Each structure stands twice: as C-alpha cells, then as structure tokens.
**Q** 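Dropping a structure here in structure tokens format, bear with me for questions.
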Amino acid sequence: MSEEHDLLDNIFDGFLRGPKIFKDREVLRPDYVPEHLPHRNEQLQQIGEILVPVLRGFRGSNLFIYGNTGTGKTAVVKHVLDRLIHKGHEIGASVEGCYLNCRLIGTDYRILARLGESLGIKIPFTGLATNEVFERFKSELNVKHTLIIVVLDEIDALVKAQGDALLYELTRINENLKNGRLSIIGISNDLRFKELLDPRVLSSLSEEEVIFKPYIATEIKDILLERAKISFVENTLSDGALNLCSALAAAEHGDARRALDLLRIAGELAEREGSLVVNESHIRHAGEEIEQDRVVTVLKTLPLHSKLVVCGTYLMKKVRTEGSITGDIYEVYKELCGQLNLEALTQRRVSGLINELDIIGLLNARVVNLGRYGRTKKVRLGVSYSIVKDVFNEDVWLNQVMTYSPKCIGEKNN
DNA sequence: CGTCCACAGGAATGACGGGCGG
DNA sequence: CCGCCCGTCATTCCTGTGGACG
C-alpha cells in the first residue's frame, strides 16, 4: 500500500507545491462565450441590425452566415442572441431563441423536438410522426405569440443528411401563422452547401448574408491576449509561445478555436512538468498531443467492424505501397472475421464503413477508374501506422489478429 | 469503338424502441 | 393493456458507370 501512496502523494504534492499556471482554464474551452469579441465588431453590428426588428414585434430577416471553423461565427451569434433575448424580456416582448447544432442534433425530428422544447412543450424523443411534432410546434408558436429565432449551426450537416425539406417547411411557416413569427439563422463553414438547396429555400434563407473572414495572426494574438489575461497567472505565458501559437493557428485557416486549444493544452503540459512558464516547445508538443489524442480516442471507440476494416487496411499496408482497393480490403476483412469467428458484413456495408472512416479521417479513400479493371476506391490509412498498431494491440479483439498475414494477396502487386 | 470490370451508391428492407388512441 | 404507427439505425439488394483494353 505504501509504495503506491507515496507515488501518488508525490504527484499530489508536486502539483500543489509546483508553480501555478492557470487562473481559470474554463475560459480557454471552445464553448466559452467571451464578453468581448475582438475584431468582430462589424459582424456583431450587422447581425444586430438584421435581428433588431424582433424587439418591435416584427420578424427579423432570415440570415445565412458563412465562415471557416474558429472564425467566431458561433460565439458572435450566441452573443447577439443572448443580448437580444435579454433585452426582449426587459421590455416585455415575447422573444425566444433556440440554438441548435445540426451535427449533434442531426435529424428533422430531433430538431423539431428541440424547437418545441424551447417553447416549453414536452415532446417524446421518438414515437410521433415528424409532421405531428411540426404541427404542435406551430400551434404553440401561435398560442404564445412568440417571435422565435432559430439558429441552425453547421446547417450543411443537416442538409447533407436529410435534405432541405425541413428548411423549406420552416421558411414558409410564417405564411399560415396568425400570431408568432419565426426567423432562421443558418451557419455553415461550407459555402458549396448552397448548391444542395432548392432555389426557393436558398433565396428565402439568405435574405441576408454575413461572412466571417479567417483571422490573421495579429488578430488571433489579440484574442489570445485577452483570454490569457483571464486564464493564466501573470507572467506565465512567454511572448514567444503566444506568437508561435498565433502563427500556427493563422496558418491553419485562421482558426481561433485551434489557437485556444493549443494554448490550453500547452498550459497543461507546462503545469505537469512543473515549468514556470509556457514556452514555444510546449505549444509545439500541444499540437502533437491534440492530434494523437483525437486519433486514439476515435480508434478506441470505433464499432468492432469498423475497427476490423481499419485493421485490414493496416495489414495490407505491409504489402501494398500505393494504397489498397475496396475489394482487397474486403477480402482481408473477411479473413479477419473468420479468424475471430465473426459473421462478416456484406461488401456494400464495408464500402459504407470505409466512407465513414474516410470522413473522420482515419482512412483516405478516393474513387478511381481503372478502366478495364473496374471502378473502385483507393484506400490508405489516414493516420500514423504506429498509433494504429499501439491502440489495436491493446484491443481485446484486435490483438489476436494484429500479426495475421493476409493470404488473399500475392499475385498482382500494385 | 464497343465491351466489361469491379465496384459505387441509391433504394429498399428489417429490427427495435417507443408514443398514441382506444 | 393492445394494436398500430412512427423514426432511427444497420443492413441488404441491385442498378449504374468511367474508361483501359482489345
């Protein structure tokens, strides 16, 4: 007992005695909405002006917001919405806002359910017809004379998954509503997503548009300075680290969220090693750690058959240099299933799994035409070989097959 | 210039969990 | 409580297709 306790005691004491880096690390978390949003006054003003009619009981225009990740779209919109609702309640107007992230709440049904809940009606998470939920929401809007502002963040995810039927319904909801009004704010980081929309929906949704340009390095630095003031103990953040962090994030599409993540992790690294200040090397290591953590957690939480597909791709890599094609991977996958006494899925399903894995970046897949030799996908690992190896060697199922050598490959090479 | 490969990808199906009206 | 309908998720069925080969 004593050995372990001494070990832990050392860690505890070391942490308590050691230099303190953070005052408040919550401020660096991605969902924190700051009081002040540097370099976004223009957008703040535009959006405010577009929505302000709501305070007089008129519907605000629908609004489409475009900008890369980490350019402050969500923060600005949430900020304006909060203030607007606050003001609305102050003057006794029935104004409501409902913020939804379509990547997290990705079906028509669930979106409508949330909208209903924001008006205070209870809606079961399944069991009702979607249209029924829509009607309930609409009548509640009518009864309460509410002006609701619906924010659909990552709206492209919704349209890609479900089409634009719901958006169409929502944009015309005002037409047959006696009391109550609805306006929509759509947020997307994919401009091409507009092409997926029915022209009627598009024109109605983008009555107004606001664009968020990527931050440049000096702007990111301002943002970081502001947050660092609240989150770090004085003089624990070196100038060099701050500059490097801004520069790295600026190079990566001017993504401020990325910069804040880097800063937070770097701070934790510094704290862990008992350093007095956060310096450049902490920032660099933070970058690596973020990526590695992401990959490891994703790999670990993958469903078994997806793991087997990744594992198959991994095993193929020993033989094929230029990436393997769907058929080969499927063969290896089937052999692995055989080894583990599992029922193999169909090729169609595996093809779907490959697509999903491609989207989350574990695999890189692209369609190629080999003429006579068919139309297929070239697939290779999208992450480092050794991480896959480490994670799967720990896995209860996968460790049995990590050294398996596929027998279906041989004849043709490349 | 037609053929035919080796899949891609849309549509359909089935199982499941759960609300609703009677 | 029952029978019915619903959405969701995971899966299967099956038609469509770009272009090197001959």
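Computed over heavy atoms, backbone and side chain alike; hydrogens, waters and symmetry mates excluded. In this text, all values refer to a predicted model and were calculated from it rather than measured experimentally. Chain A is the first sequence line, chain B the second, and so forth, proteins listed ahead of strands; every chain is numbered from 1.
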**Q** Without decimals, in angstroms, what is the distance between E135(A) CD and dC20(B) C1'?
**A**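 Distance, rounded to whole Å: 17 Å.
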**Q** Look at E140(A) together with R136(A) and state whether they make a salt bridge at an N to O cut-off of under 4.0 Å.
**A**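 Answer for the salt bridge query: no.
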**Q** Whole angstrom is fine here: how far is it from CZ in R349(A) over to C1' in dG14(B)?
**A**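 Interatomic distance, CZ of R349(A) to C1' of dG14(B): 14 Å.
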**Q** Going by distance alone, is a donor N or O of one side chain under 3.5 Å from an acceptor N or O of the other, for Y99(A) and D153(A)?
**A**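 Present: a donor and an acceptor within the cut-off.
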**Q** Q347(A) near the nucleic acid: base, sugar-phosphate alone, or nothing, with a heavy-atom cut-off under 4.0 Å?
**A**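 Sugar-phosphate only.
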**Q** With respect to the phosphate group of dA6(B), does any side-chain polar atom (N or O) of K377(A) fall under 4.0 Å of OP1 or OP2?
**A**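 K377(A) to dA6(B) OP1/OP2: no side-chain N or O under 4.0 Å.
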**Q** Counting only side-chain nitrogens and oxygens, does R136(A) get under 4.0 Å of the OP1 or OP2 atom of dG19(B)?
**A**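 Checking R136(A) against dG19(B): no side-chain N or O falls below 4.0 Å of OP1 or OP2.
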**Q** Between P on dG9(B) and CD1 on I359(A), what's the gap in Å once rounded to a whole number?
**A**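 Rounded to the whole Å, the gap is 11 Å.
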**Q** Between R59(A) and E207(A), does at least one N-O distance fall below 4.0 Å, as a salt bridge requires?
**A**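 Salt bridge flag = yes for E207(A) with R59(A).
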**Q** Would you indicate which nucleotide in dC4(B), dA8(B), dC7(B) comes nearest to any side-chain atom of S351(A)?
**A**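 Output: dA8(B).
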**Q** If I take atom CZ in residue R375(A) and atom P in nucleotide dA6(B), what distance separates them, rounded to the nearest angstrom?
**A**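 After rounding, the reported distance stands at 14 Å.
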**Q** To the nearest Å, give me how far apart CG (D328(A)) and C1' (dC5(B)) are.
**A**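 Rounded to the whole Å, the gap is 14 Å.
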**Q** Counting side-chain heavy atoms from CB outward, which of dC7(B), dG19(B), dG18(B) is closest to F125(A)?
**A**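 Minimum distance to the F125(A) side chain belongs to dG18(B).
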**Q** Where is the tightest heavy-atom contact between V33(A) and A75(A), given as atom of each residue plus distance?
**A**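 Smallest heavy-atom distance, with atoms named: CG1-O, 4.0 Å.
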**Q** Measuring from E331(A):CD to D328(A):CG, what's the distance to the nearest 0.5 Å?
**A**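 The CD atom of E331(A) sits 8.0 Å away from the CG atom of D328(A).
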**Q** Please state how far atom CG in D358(A) lies from atom P in dA8(B), giving the value in whole angstrom units.
**A**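 One finds 12 Å between P of dA8(B) and CG of D358(A), rounded.
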**Q** Between which nucleotides of DNA chain C, 5' to 3', does chain A make heavy-atom contacts below 4.0 Å?
**A**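 For DNA chain C, the relevant span reads dC6(C) to dC21(C).
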**Q** Answer yes or no on whether K389(A) is positioned over the face of Y314(A), meaning its NZ or CZ is under 6.0 Å from the six-membered ring centre and within 45° of the axis.
**A**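 No, a cation-pi geometry is absent between K389(A) and Y314(A).
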**Q** Calculate the interatomic distance between N369(A) atom CG and dA6(B) atom P; express it in whole Å.
**A**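 Taking CG of N369(A) and P of dA6(B), I get 13 Å after rounding.
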**Q** Figure out the CZ/P separation between R110(A) and dG19(B), and round it to whole Å.
**A**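 For the pair R110(A) CZ and dG19(B) P, the rounded distance is 14 Å.
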**Q** Before accepting this row, confirm whether a basic side-chain N of the pair R264(A)/E26(A) lies closer than 4.0 Å to the acidic partner's carboxylate O.
**A**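 Salt bridge absent between R264(A) and E26(A).
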